[in-house]
Visitor: 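Quick one: the structure is below, and I'll ask about it shortly.
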Amino acid sequence: MPELPEVETMVRDLRARIVGTTITGVVAPFPGEIVYPGYDQFVRRVTGQRIQSIVRRGKYAILGLSSGDVLIVHRGMSGSLLLRRAGDEMEPYVRVLFELDDRRQLRLNDPRKFGKVFVMDPTGAERPLPWDRMGPEPLNGSFTPARFRERLRGRTGLIKPLLLNQSVVAGLGNIYADEALHAARIHPERRANTLRPAEIRRLHAAIQEVLAAAVEGRGTTFSNYADIEGRAGQYQSALQVFGRAGAACPRCGAAIVKTVVGGRGTHTCPRCQRPA
DNA sequence: AAGAAGTCCTGGGCGC
DNA sequence: TGCGCCCAGGACTTCT
């Protein structure tokens, strides 16, 4: 599940390796992942473009092209973006492949087909940008406790689904939402409007700490996440609750419980995270 | 408007 | 042993 730390790791690695190269061709064994524009237009607008920059917004990677367009990649839940040499053995689920002018290839390998790619004008004039309604970036200075409290104001929903809502805060997915709630000692089924100011401050700090540590560890490899060279991340060994049902809470020793909240598997310490 | 539920997709895990 | 069912989840759509 590529969340903010996994996408940040990918963007940093790619920035060091492919900025300055030119895309010489596109192959799409499964064009369904090309969301916009249609396949022919997409190929036309990407081919021949030099990659000038790579940045991240939420879980999106944004490649700035010499034409002024942006090439946007979202890996969905199972996608890896791999940097390979042209002759290297092909992975089994490559959906879209970008050929580079140095005989390397950027391959979107995505078994579950939830990945998406777009190319568009970055001003939003052509089509709404995927991040138009996205909330603040949790690791930059604009994400303050006050801003977080304001995003939650008036919300009566459960706190965990709200953390997964990208318009509240960008970049959290199922793993880091569970980890942040545990670090803040807040039950995932608390209603947002019942959180006290001190709890919101704790949750804000926990989100920043968990994400920063995971970026430091180059992300979590849970099932099939890999970096651009196919290597695993390191953060899975630091997970406190995610994927640890039945194991001891590192803080208090109680057995971690797995439930379903908002339709998502959810890991909670029943002693550290009390409901209501 | 916000929240809840349904949808897509397919490998792998599990039960019988 | 082997088959088939169903779960996983990010983001979008639909309904209330």
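Chain identifiers are assigned alphabetically (A, B, ...) following the order of the sequence lines, protein sequences preceding nucleic acid strands; residue numbering begins at 1 within each chain. Computed over heavy atoms, backbone and side chain alike; hydrogens, waters and symmetry mates excluded. Worth saying up front: this structure is predicted, and the values here are computed from it rather than measured.
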Visitor: Using a strict cut-off of less than 4.0 Å between a Lys/Arg side-chain nitrogen and an Asp/Glu carboxylate oxygen, indicate whether A/R75 and A/E6 qualify as a salt bridge.
Guide: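 A salt bridge is absent here (no side-chain N lies under 4.0 Å from a carboxylate O).
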Visitor: Looking at A/K59, does any N or O in its side chain come under 4.0 Å of the phosphate oxygens OP1/OP2 on C/dA11?
Guide: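 For A/K59, the contact criterion (side-chain N or O under 4.0 Å from OP1 or OP2 of C/dA11) is met.
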Visitor: Given atom CG of A/L172 and atom P of C/dG9, what is their separation to the nearest angstrom?
Guide: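 After rounding, the gap between these two atoms is 15 Å.
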Visitor: By nearest heavy atom, map A/R264 and A/L158 onto DNA chain B; which one lands nearer the 5' end?
Guide: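 Nearest-nucleotide comparison on DNA chain B picks A/L158.
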Visitor: Could you go through nucleotides 4-8 of chain C and list every protein N or O atom that sits under 3.5 Å from one of its N or O atoms, giving the distance for each pair?
Guide:
{"from": "C/dA8", "atom 1": "N3", "to": "A/R112", "atom 2": "NH1", "distance (Å)": "3.2"}

Visitor: If you fit an axis to the five pairs at each end of the helix from B/dA2-C/dT16 to B/dC16-C/dG2, how big is the angle between those two axes, to 10 degrees?
Guide: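 That helix has its two terminal axes inclined by roughly 50°.
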Visitor: Quick one: list whatever passes side chain to side chain donor-acceptor pair (under 3.5 Å) with A/R12, sequence neighbours left out.
Guide: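 Counting only residues at least two positions away or on another chain, A/R12 forms a side chain to side chain donor-acceptor pair (under 3.5 Å) with A/E8.
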Visitor: Among Ile, Leu, Val, Met, Phe, Trp and Tyr joined by side-chain contacts under 4.5 Å, find the other residues sharing a cluster with A/M134 and list them by chain and number.
Guide: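 Members alongside A/M134: A/V35, A/Y36, A/V55, A/Y60, A/I62, A/V70, A/I72, A/F118, A/M120, A/L129, A/W131.
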Visitor: Starting from P on C/dG10, measure out to CG on A/N165 and report it in whole angstrom.
Guide: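 To the nearest whole Å, that distance equals 13 Å.
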Visitor: Nearest-nucleotide wise, let me know which of A/R191 and A/F30 is further upstream toward the 5' end of DNA chain B.
Guide: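 Comparing both residues, the 5'-ward one is A/R191.
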Visitor: Can you run down the ring pair (Phe, Tyr, Trp, His ring centres under 6.0 Å) pairs that involve residues 139-167 of chain A, sequence neighbours left out, and say none if there aren't any?
Guide: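 Counting only pairs at least two positions apart or across chains, the ring pair (Phe, Tyr, Trp, His ring centres under 6.0 Å) contacts touching residues 139-167 of chain A are A/F143-A/F148, A/F143-A/H204.
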Visitor: Below the 4.0 Å mark, does C/dA11 have OP1 or OP2 next to a side-chain nitrogen or oxygen of A/Q166?
Guide: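 A/Q166 to C/dA11 OP1/OP2: side-chain N or O found under 4.0 Å.
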Visitor: Which residues satisfy the side chain to side chain donor-acceptor pair (under 3.5 Å) test with A/D102, sequence neighbours excluded?
Guide: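 Per chain and number, A/D102 pairs via side chain to side chain donor-acceptor pair (under 3.5 Å) with A/R104.
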Visitor: Starting from C1' on C/dG10, measure out to CG on A/L108 and report it in whole angstrom.
Guide: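 After rounding, the gap between these two atoms is 14 Å.
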Visitor: Is the side chain of A/D227 donor-acceptor paired with the backbone N or O of A/T9 at a distance under 3.5 Å, no angle test?
Guide: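 No.
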Visitor: For A/N140, give me all partners under side chain to side chain donor-acceptor pair (under 3.5 Å), at least two apart in sequence or on another chain.
Guide: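 Side chain to side chain donor-acceptor pair (under 3.5 Å) check on A/N140 returns A/S142.
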Visitor: Kindly write out the residues that satisfy ring pair (Phe, Tyr, Trp, His ring centres under 6.0 Å) with A/H267, not counting sequence neighbours, or none if the list is empty.
Guide: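 Partners of A/H267 by the ring pair (Phe, Tyr, Trp, His ring centres under 6.0 Å) criterion, ordered by chain and then number, come out as A/F242.
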Visitor: Please list, in 5' to 3' order, the outermost nucleotides of DNA chain B lying under 4.0 Å from any heavy atom of chain A.
Guide: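 The contact span of chain A on DNA chain B goes from B/dA2 to B/dG11.
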Visitor: Any residue in residues 125-135 of chain A with a heavy atom nearer than 4.0 angstrom to DNA chain B? Just list them by number, or reply none.
Guide: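 Listed by number, there are none.
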Visitor: If I take atom CZ in residue A/R75 and atom C1' in nucleotide C/dG9, what distance separates them, rounded to the nearest angstrom?
Guide: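 After rounding, the reported distance stands at 15 Å.
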Visitor: Backbone N or O of A/T268 within a donor-acceptor pair of the A/Q273 side chain at under 3.5 Å?
Guide: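 Between the backbone of A/T268 and the side chain of A/Q273 there is no qualifying donor-acceptor contact (under 3.5 Å).
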Visitor: Can any side-chain N or O of A/R57 pair as donor or acceptor with the backbone N or O of A/P130 at less than 3.5 Å?
Guide: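 Absent.
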Visitor: Would you say A/H74 reaches C/dG10's phosphate, i.e. side-chain N/O to OP1/OP2 under 4.0 Å?
Guide: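 So the side-chain polar atoms of A/H74 never come under 4.0 Å of the phosphate oxygens OP1 or OP2 of C/dG10.
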Visitor: Given atom OH of A/Y36 and atom C1' of C/dC12, what is their separation to the nearest angstrom?
Guide: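 Interatomic distance, OH of A/Y36 to C1' of C/dC12: 19 Å.
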Visitor: Hydrophobic clusters join Ile, Leu, Val, Met, Phe, Trp and Tyr when side-chain heavy atoms are under 4.5 Å apart, directly or via other members; which others share one with A/L164?
Guide: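 Listed partners: none, A/L164 stands alone.
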Visitor: Indicate whether A/F114 forms a stack on C/dG10; treat it as stacked only if centroid distance is below 5.5 angstrom and interplanar angle below 30 degrees.
Guide: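 Yes, aromatic ring over the base.
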Visitor: Just to verify, what does A/T24 make a side chain to side chain contact (heavy atoms under 4.5 Å, CB included) with, not counting sequence neighbours?
Guide: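 Only A/E99, A/D101 meet the side chain to side chain contact (heavy atoms under 4.5 Å, CB included) criterion with A/T24.
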Visitor: Is it true that A/D13 and A/R218 make a salt bridge, defined as a side-chain N closer than 4.0 Å to a carboxylate O?
Guide: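 A salt bridge links A/D13 with A/R218.
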Visitor: Ion pair present between A/D69 and A/R45, side-chain N to carboxylate O less than 4.0 angstrom?
Guide: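 Salt bridge between A/D69 and A/R45, a charged N being under 4.0 Å from a carboxylate O: yes.
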